[in-house]
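Here's the structure we're looking at; comments come further down.
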Amino acid sequence: MPLERTLVVVKPDGVRRGLVGEVISRFERKGFRLKALKMTWMTREQAEQFYEVHRGKPFYEELVKFVTSGPVVAMILEGESAISVARIMIGVTDGRKAQPGTIRGDYSLSILENIVHASDSEESFYREYKVLFSDLEVVSDY
Ligand code: CMP
């Protein structure tokens, strides 16, 4: 089983609703190791880079506005099959359709304001984490 890293971001709705500890706690209890953690308020430029694959989609402007509407808490997590396991733990995009027991299934009733983001592939992880972290902010093995 591959040791992987993934990026998880608690979005502005999750921060506003006081769910940061809950999200971190779920990933820690699952067995993931935190490699980096920060609170930051994304600029429009960062949001555009972060969501560049969605540029041109009908919800793009709304998405950029939402993700820059308040601070986010971003983390890099490491563990076995981190990318696919984190995606299972957050649930499908639309909080109304996400399974109970998943983060979105338990806390969101919206497709836009869905509490949390997690990278969907290794390629996305490398692109996304560089928008929010410098390599100096990622700790070495412990
Ligand atoms: P995320 O997993 O961060 O990836 C892209 C984000 O765009 C998604 O979560 C939602 O916040 C948002 N999103 C995706 N599809 C829609 C949609 N149809 N309408 C509004 N927002 C969307």
Side-chain angles (χ1 to χ4, degrees), residues 1-140:
M1 292 265 277
L3 197 61
E4 283 179 347
R5 289 181 183 183
T6 193
L7 178 80
V8 167
V9 179
V10 185
K11 298 185 192 181
D13 58 327
V15 175
R16 274 193 287 264
R17 288 175 54 192
L19 294 171
V20 172
E22 170 69 18
V23 171
I24 295 174
S25 176
R26 286 186 182 217
F27 287 107
E28 283 190 310
R29 282 187 274 127
K30 183 71 176 172
F32 289 117
R33 199 168 274 233
L34 273 166
K35 302 295 290 186
L37 178 67
K38 73 158 64 155
M39 175 177 258
T40 185
W41 198 314
M42 286 172 83
T43 63
R44 174 148 189 124
E45 291 67 34
Q46 282 177 308
E48 286 180 352
Q49 272 181 300
F50 193 86
Y51 281 124
E52 72 179 16
V53 297
H54 297 293
R55 197 185 295 263
K57 293 186 183 167
F59 59 85
Y60 177 74
E61 270 308 317
E62 193 183 25
L63 173 60
V64 169
K65 200 171 156 200
F66 162 57
V67 85
T68 57
S69 68
V72 300
V73 171
M75 67 203 86
I76 296 175
L77 298 167
E78 185 177 82
E80 302 289 333
S81 304
I83 293 168
S84 59
V85 174
R87 294 282 293 184
I88 291 167
M89 289 173 67
I90 70 172
V92 297
T93 307
D94 189 339
R96 293 164 297 190
K97 296 179 181 156
Q99 289 279 335
T102 65
I103 294 169
R104 289 165 172 169
D106 287 348
Y107 298 112
S108 167
L109 272 173
S110 165
I111 193 167
L112 176 67
E113 301 199 4
N114 58 3
I115 311 291
V116 75
H117 168 89
S119 306
D120 66 2
S121 65
E122 208 176 318
E123 188 193 349
S124 300
F125 165 68
Y126 281 109
R127 192 178 53 72
E128 291 168 1
Y129 98 79
K130 286 173 194 295
V131 175
L132 295 169
F133 290 99
S134 77
D135 285 327
L136 284 173
E137 293 173 305
V138 184
V139 302
S140 46

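Remember, it's 1-based here, ligands and their atoms both numbered in the order they're listed. In this chain, residues are counted from 1 in sequence order.
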Original post:
Mind checking whether H117 and Y51 have parallel, tilted or perpendicular rings, split at 30° and 60°?
Top reply: perpendicular
**OP:** Give me the ring orientation class for F32 and F27: parallel if the planes are under 30° apart, tilted from 30 to 60°, perpendicular past 60°.
**Re:**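 F32 vs F27 ring planes: tilted.
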Original post:
Can S121 and S124 be counted as having a side-chain donor-acceptor contact under 3.5 angstrom?
Top reply: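 Their side chains do contain a donor-acceptor pair, which is all the 3.5 Å distance test asks for.
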**OP:** Verify the distance criterion only: is there a donor paired with an acceptor across the side chains of S69 and R16 at less than 3.5 Å?
**Re:** yes
**OP:** Just need the protein heavy atom nearest to atom 17 (C) of ligand 1, so name the residue and atom and give the distance.
**Re:**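 Going by distance alone, atom 17 (C) of ligand 1 is nearest to F59 CD2, 3.5 Å.
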Original post:
Which residue holds the protein heavy atom closest to atom 10 (C) of ligand 1, what is that atom called, and what is the gap in Å?
Top reply: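 Looking at atom 10 (C) of ligand 1, the protein heavy atom closest to it is I111 O, 3.2 Å.
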**OP:** Indicate, as side chain, backbone, both or neither, the part of L112 found under 4.0 angstrom from ligand 1 when only non-hydrogen atoms are considered.
**Re:**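 For L112, the contact with ligand 1 is made by both the backbone and the side chain.
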**OP:** Have a look at ligand 1 and work out which part of N114, if any, has a heavy atom under 4.0 Å from it: side chain, backbone, both or neither.
**Re:**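 The part of N114 near ligand 1 is the side chain, not the backbone.
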Original post:
Within a reach of under 6.0 Å around NZ of K57, are more than 12 heavy atoms found that belong to other residues, nucleotides or ligands?
Top reply: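 Result for NZ/K57: enclosed.
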**OP:** Might you confirm whether atom CD of E122 has over 12 heavy atoms from other residues, nucleotides or ligands at distances under 6.0 Å?
**Re:**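 Count not over threshold, so no.
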Original post:
Which is closest to atom 9 (O) of ligand 1 in terms of heavy atoms, H54, K11, H117?
Top reply: K11
Original post:
Can you find a non-hydrogen atom of Y51 under 4.0 Å from ligand 1?
Top reply: yes
Original post:
Heavy atom of K57 under 4.0 Å from ligand 1?
Top reply: no
**OP:** Look only at interatomic distance and state if E113 has a nitrogen or oxygen under 3.5 Å from any nitrogen or oxygen of ligand 1.
**Re:** no
Subject >> Ring-face cation of K38 near F133 (centre distance under 6.0 Å, axis angle within 45°) >> reply: yes
Subject >> Element-labelled atoms of ligand 1 that are located less than 4.0 Å from some non-hydrogen atom of R104 >> reply: 1 (P), 2 (O), 9 (O)
